[in-house]
Colleague: 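Below is a structure I'd like to ask you about.
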Amino acid sequence: DYCYVHVYSGGEISLSGSVTFNVSMDFILDAGGSILGIGGGSPGGAALTAGSGLGGAGTVGTGSKGGGGAGHGSTGGKGGASGADNGGPAYDSLADPTLPGSGGGGGSASAGGAGGAFLKIVATGGRVILDGAVTMAGLPGGATGTGGGGGSGGVIYVTAFEIGGS
């Protein structure tokens with residue numbers, strides 16, 4: 001728990017897994033500052049294996065198939081090649097999410113991408129001002145042969161007395 005968090009221009013917080021900032025006053029991210037959880041969720045599957053996490057895409061078997069994309073808030077996309085694997089299932093709560101993104105399924109020769117991290121900011125008595133970059137994106141799957149599926153995006157969940165920013 002924190003009283004006050006301020007990320008100045010040029011500052012960066014890198015996240016993996018699930019991270020919650022409980023702040024009794026303000027959480028401020030200046031323009032030029034960043035909070036990054038890119039690929040910080042569940043890992044993608046190796047070639048011919050499923051991605052991990054609740055929305056991890058299934059295995060692709062054999063042949064020239066692309067891995068399926070991981071699901072999270074909705075179902076992941078199907079791989080690109082004929083007979084490719086389906087995407088992973090939707091999971092987590094849209095109103096009160098608690099989990100990071102899942103990994104994409106491996107293609108016939110490439111790994112799937114990792115999911116994005118989970119970030120929750122709770123400012124019980126203050127403001128959350130986000131003028132900088134906040135990104136919890138999943139990573140793309142590998143492109144060798146028939147590519148791996150992409151990881152699902154993570155979560156940016158903010159509750160505060162006042163929320164602002166650009």
Colleague: Does a side-chain heavy-atom distance below 4.5 Å link F27 with I35?
Modeller: yes
Colleague: Please determine whether residues V155 and V19 belong to a single hydrophobic cluster, defined as Ile, Leu, Val, Met, Phe, Trp and Tyr linked transitively by side-chain heavy-atom distances below 4.5 Å.
Modeller: no
Colleague: May I ask whether V23 and I156 are part of the same hydrophobic cluster, defined by side-chain heavy atoms of I, L, V, M, F, W, Y residues being less than 4.5 angstrom apart, directly or through others?
Modeller: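 Yes, same cluster.
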Colleague: Looking at S52 and P43, what are the two nearest heavy atoms and their distance?
Modeller: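 Closest heavy-atom pair between S52 and P43: OG-O, 2.8 Å.
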Colleague: Taking all non-hydrogen atoms of both residues into account, name the closest pair between P100 and G17 and its distance.
Modeller: CB-O, 4.0 Å
Colleague: Return yes when atom OH of Y2 has more than 12 non-hydrogen atoms of other residues, nucleotides or ligands closer than 6.0 Å, and no otherwise.
Modeller: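 No, OH of Y2 has 12 or fewer neighbouring heavy atoms, counting only those of other groups under 6.0 Å.
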Colleague: Are D96 and Y157 close enough, and set up right, to give a side-chain contact (heavy atoms from CB on, under 4.5 Å), and what steps lead you there?
Modeller: CA-CA 8 Å; D96 189 18; Y157 184 17; 3.2 Å; yes
Colleague: Return the minimal non-hydrogen interatomic distance between I163 and A160, and the atom names on each side.
Modeller: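 Here I163 and A160 meet closest at CG1-CB, 3.9 Å.
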Colleague: Hey, what's the ring geometry for Y8 with H6, parallel, tilted or perpendicular (30° and 60° as the breaks)?
Modeller: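 Rings of Y8 and H6: parallel, under 30°.
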Colleague: If you apply the rule side-chain contact (heavy atoms from CB on, under 4.5 Å), what do you find for V7 with I28, and how did you get there?
Modeller: CA-CA 6 Å; V7 180; I28 299 174; over 6 Å; no
Colleague: Quick one: does any side-chain atom of D92 pair with a main-chain N or O of H72 as donor and acceptor, under 3.5 Å?
Modeller: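 Not confirmed, D92 side chain does not pair with H72 backbone.
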Colleague: L15 and M136: side-chain contact (heavy atoms from CB on, under 4.5 Å), yes or no, with the steps?
Modeller: CA-CA 9 Å; L15 309 176; M136 302 294 134; 3.8 Å; yes
Colleague: Where the side chain of S110 meets the backbone of G147, is there a donor-acceptor pair that is under 3.5 Å apart?
Modeller: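 Side chain of S110 to backbone of G147: no pair is present.
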Colleague: Distance-only check: which donor-acceptor pairs under 3.5 Å involve side-chain atoms of residues 115-134, not counting sequence neighbours?
Modeller:
residue, atom, partner, partner atom, Å
R127, NE, D26, OD2, 3.3
R127, NH2, D26, OD2, 3.0
D131, OD1, S166, N, 2.8
D131, OD1, S166, OG, 3.2

Colleague: Is the closest side-chain donor-acceptor distance between Y91 and S102 under 3.5 Å?
Modeller: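 Yes, a side-chain donor-acceptor pair sits under 3.5 Å.
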Colleague: Mind listing the closest non-hydrogen atom pair of C3 and S24 along with its distance?
Modeller: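 It is CA-OG, 3.3 Å.
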Colleague: Any idea which heavy atoms bring A70 and G103 closest together, and the distance?
Modeller: CB-O, 3.4 Å
Colleague: Is there side-chain contact between L48 and S108, with at least one heavy-atom pair below 4.5 Å?
Modeller: yes
Colleague: For the side chain of S34 and the backbone of L36, is there at least one donor-acceptor N/O pair under 3.5 Å apart?
Modeller: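 No; judged by distance alone, with no hydrogens or angles, the pair does not exist.
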Colleague: Enter the distance from S42:OG to L54:CG here, rounded to the nearest 0.5 Å.
Modeller: 7.5 Å
Colleague: What pair of heavy atoms forms the shortest contact from G71 to S152, and how long is it?
Modeller: O-OG, 3.1 Å
